[in-house]
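Throughout, a chain's letter reflects where its sequence line sits, starting with A, and its residues are numbered from 1.
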Amino acid sequence: MDRPVLEIKNLKASASGVRILNGIDLTVRGGEIHALMGPNGSGKSTLSSVIMGHPDYTVEEGEVLLNGENLLEKSVDERARAGVFLALQYPVEISGVTNSQFLRTAINARRDEKNPIPYAEFVKEMRKAVKDLEMNENLPKRYLNEGFSGGEKKRNEILQMKLLNPSVAILDEIDSGLDIDAVRIVGSNVSDMVKERKGGLGVIVITHYQRLLDYIKPDFVHVLSKGKIIKSGGCELVSMLEKEGYSWIDAYERGAM
Amino acid sequence: MLCNMSTENMKIYDIRNGRLPEDDGFVRTRDGSICIGISENASIMLNMSFDGDGAGSAVNINIAGGTEVYLIENYRYDSASNAASFGENFMSCAVNINLSSGSTLKHQILFEDGRLAAAYTLKCNAEANAVYDNYQTNIGGRAKCNTEINLNGYGASVSSHLIAFCSGEDDQRYNIRINHHAKGTRSRMTNCGAAADASKCIIDCVGFIEKGASGSDAYQKSRIISLSEKVQAHVSPALLIDEYDVSAGHSGSVGSIDTEALYYMQSRGIRRQEAVAMFTSGFLMGAADKSNSELYEDIEHKVRERINQL
């Protein structure tokens with residue numbers, strides 16, 4: 001476990017004038033996996049969107065540092081090139097743009113203009129990633145997410161993550177819509193990436209369920225409620241949530257006040 | 001399946017200001033018009049160059065029954081001075097095509113030179129079981145294009161595609177009409193436009209099904225993306241149906257680039273301008289013919305070049 005890759009300090013944010021994040025504090029170090037859980041509407045996806053810089057959200061207070069640099073000053077694409085990756089809950093379909101074109105452009109956006117990724121190298125990396133994620137070999141030629149099943153879209157997010165080599169990855173409900181085998185494939189690929197990067201990759205997994213976390217074993221588990229992290233712990237917290245759900249949160253928050 | 005898609009065996013004719021340098025028995029000049037009579041499978045390219053100043057041409061094409069033809073019309077500005085401004089060099093061309101029964105024509109029309117202000121009229125008559133695939137691409141300049149396709153015989157079909165890109169002060173207007181005059185005829189129309197700066201892009205399309213043309217099937221889809229607030233973009237789809245036993249539908253939209261799509265591309269590190277170019281190019285190329293990969297790549301490259309100039 002290394003230096004902090006991502007530091008979130010007292011982050012408060014709103015959308016359409018409604019406050020959603022009420023002071024999030026979270027530190028992710030290289031090599032760490034943090035699970036973020038909580039009831040619907042607690043602010044989990046909002047947190048991921050704010051980190052990525054989605055224009056619908058306004059940061060009102062707080063800091064987000066990536067490798068010590070202020071992330072909030074950067075545009076969406078600058079944050080991505082700096083090392084943030086967000087696997088979206090609802091990946092967008094873009095007709096007319098092939099997966100191959102899209103990824104090659106994204107990779108070259110991180111390289112010197114005069115040194116784009118050589119074709120052979122790209123094809124080799126793409127093929128390996130397609131194979132690792134057990135996807136159809138015609139994936140590169142298909143239009144981005146168009147006609148993909150829900151599970152294919154989510155696996156395609158992880159494929160992009162593999163090729164773009166981020167410093168911190170936020171996986172927003174990557175397991176929703178996945179069958180048992182797809183959860184295994186996605187989970188083991190993410191887990192392998194963390195191990196292979198040896199402290200170079202920190203991951204935040206947003207999920208409601210234990211099954212994904214059986215493969216991506218978290219070092220820390222946080223429960224979000226009303227835009228704040230109210231409880232943190234280890235894997236035992238996941239088991240507790242599986243048994244009890246989120247009904248204890250109101251009583252917990254009243255007791256904490 | 002059309003034969004000879006590549007340009008290797010393609011007959012190429014260089015026609016300047018509507019004048020054919022010499023007749024070769026296959027393509028000839030008659031009464032000031034260029035006439036092409038095709039009775040065997042063929043691939044033809046007409047390289048139509050104009051030096052502006054109101055030059056015009058007329059082309060009449062007759063395709064015999066059962067024949068498969070691949071035709072490319074390529075329009076460009078060509079002058080020794082090469083100093084033309086965009087959209088100020090006027091040319092006109094009228095193309096008439098007769099497709100006999102059972103013939104097949106794949107027809108590419110390329111206006112790739114924004115310096116031309118083109119007045120282009122296309123009329124095609126398709127007889128029984130004739131198949132007409134039409135792809136028109138205009139990547140800049142001014143244009144007024146009128147297209148009329150008549151499906152005159154049982155089973156005749158047309159697939160019509162338009163790619164239109166306007167920028168600066170380009171003004172492009174397209175009128176496309178497909179008439180179903182016989183039973184069992186089929187039409188598909190796909191029009192994709194992108195307009196930037198203070199340009200104008202107007203697409204009016206009509207699908208007409210005549211009384212008695214039962215079993216006909218007509219569908220049209222027209223979309224324009226606006227890339228700036230000063231654009232004037234207008235789509236007017238219309239179906240005029242005089243027969244009960246038909247299948248028909250239309251859709252039309254004008255809008256800006258999907259912001260979620262842009263956000264998604266930027267979230268992968270792609271800079272905004274590149275993301276706009278990629279999205280717009282992908283959208284426009286959705287109406288392109290993918291069967292000729294050389295031509296597809298050439299058009300895509302030109303589309304991207306124009307978009308990157310914004």
Side-chain angles (χ1 to χ4, degrees), chain A residues 48-57 74-111 113 141-146 153 156-157 159-167 169-170 172, chain B residues 135 137 139 161-165 190-194 221-225 227 251 253 255-291 293 296-297 299-305 307-308:
Chain A
S48 63
S49 296
V50 169
I51 294 170
M52 198 68 245
H54 194 291
D56 283 354
Y57 298 92
K74 296 180 189 292
S75 62
V76 174
D77 53 287
E78 286 170 342
R79 297 181 194 201
R81 291 195 302 276
V84 178
F85 181 88
L86 170 60
L88 291 173
Q89 191 173 359
Y90 304 108
V92 175
E93 296 183 11
I94 302 180
S95 187
V97 177
T98 63
N99 283 287
S100 171
Q101 271 177 312
F102 180 68
L103 272 165
R104 200 157 173 210
T105 304
I107 291 170
N108 286 334
R110 289 154 169 77
R111 295 168 69 112
E113 207 177 297
K141 293 180 193 167
R142 291 174 68 184
Y143 291 151
L144 185 57
N145 294 323
E146 193 178 66
K153 285 181 184 174
N156 199 22
E157 294 292 283
L159 185 144
Q160 292 174 29
M161 180 182 160
K162 281 171 92 68
L163 289 174
L164 296 177
N165 270 325
S167 306
I170 306 161
D172 192 354
Chain B
Y135 296 87
T137 304
I139 58 167
H161 307 82
L162 170 67
I163 295 173
F165 180 75
T190 304
N191 303 314
C192 294
K221 178 170 73 175
S222 301
R223 291 169 60 200
I224 300 178
I225 295 178
L227 298 175
S251 65
S253 68
S256 45
I257 290 184
D258 179 358
T259 50
E260 285 301 316
L262 270 188
Y263 166 69
Y264 186 59
M265 288 191 276
Q266 286 183 270
S267 78
R268 296 326 186 222
I270 299 172
R271 291 169 177 83
R272 187 183 167 83
Q273 186 168 359
E274 178 76 32
V276 168
M278 184 180 271
F279 184 92
T280 306
S281 158
F283 164 73
L284 290 174
M285 294 309 289
D289 176 23
K290 293 166 186 57
S291 65
S293 57
Y296 181 91
E297 283 169 17
I299 293 172
E300 188 181 29
H301 176 71
K302 290 187 167 89
V303 165
R304 288 294 293 266
E305 260 187 349
I307 296 170
N308 286 334

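- Residues B:Tyr263 and A:Leu88 meet the side-chain proximity criterion, which asks for heavy atoms closer than 4.5 Å.
- Of the two parts of A:Leu144, only the side chain, counted from C-beta on, holds a non-hydrogen atom closer than 4.5 Å to a non-hydrogen atom of chain B.
- At a threshold of 4.5 Å between non-hydrogen side-chain atoms, the residues A:Tyr90 and B:Glu260 do not count as touching.
- Atom CZ of A:Arg81 has more than 12 heavy atoms from other residues, nucleotides or ligands within 6.0 Å.
- When all heavy atoms are compared, the tightest approach of B:Gly269 to A:Ala109 is O-CB, 3.3 Å.
- There is no contact between A:Arg79 and chain B, counting heavy-atom distances below 4.5 Å.
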- [ ] Take B:Arg272 and A:Glu78 through the salt bridge (charged side-chain N to carboxylate O under 4.0 Å, His left out) test and state the conclusion after the steps.
- [x] CA-CA 10 Å; B:Arg272 187 183 167 83; A:Glu78 286 170 342; over 6 Å; no

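- For a residue to count as touching a neighbouring chain, one of its non-hydrogen atoms must lie under 4.5 Å from one of that chain's; by this rule A:Phe102 touches chain B with backbone and side chain alike.
- Residue B:Glu305 places its CD atom among more than 12 non-hydrogen atoms of other residues, nucleotides or ligands, all under 6.0 Å distant.
- Remark: the B:Gln266 side chain and the A:His54 side chain contain no N/O donor-acceptor pair separated by less than 3.5 Å.
- Among B:Ala261, B:Ala288, B:Gly286, the residue with the largest count of heavy-atom pairs under 4.5 Å with chain A is B:Ala261.
- Counting only N and O atoms by type, the side chains of A:Asn145 and B:Tyr264 include a donor and acceptor under 3.5 Å apart.
- For a residue to count as touching a neighbouring chain, one of its non-hydrogen atoms must lie under 4.5 Å from one of that chain's; by this rule B:Met285 does not touch chain A.
- In this structure, the side chains of B:Ser267 and A:Leu86 stay at 4.5 Å or more apart for every pair of heavy atoms.
- Within 6.0 Å of NZ on A:Lys141 lie no more than 12 heavy atoms contributed by other residues, nucleotides or ligands.
- Looking at A:Pro55, only its side chain comes within 4.5 Å of chain B, counting heavy atoms on both sides.
- A heavy-atom distance below 4.5 Å is found between the side chains of A:Thr105 and B:Ile270.
- For chain B, the nearby parts of A:Gln101 are the backbone and the side chain; heavy atoms of each come within less than 4.5 Å.
- Formation of a donor-acceptor pair under 3.5 Å by the B:Arg268 side chain with backbone atoms of A:Ala106 is not found in this model.
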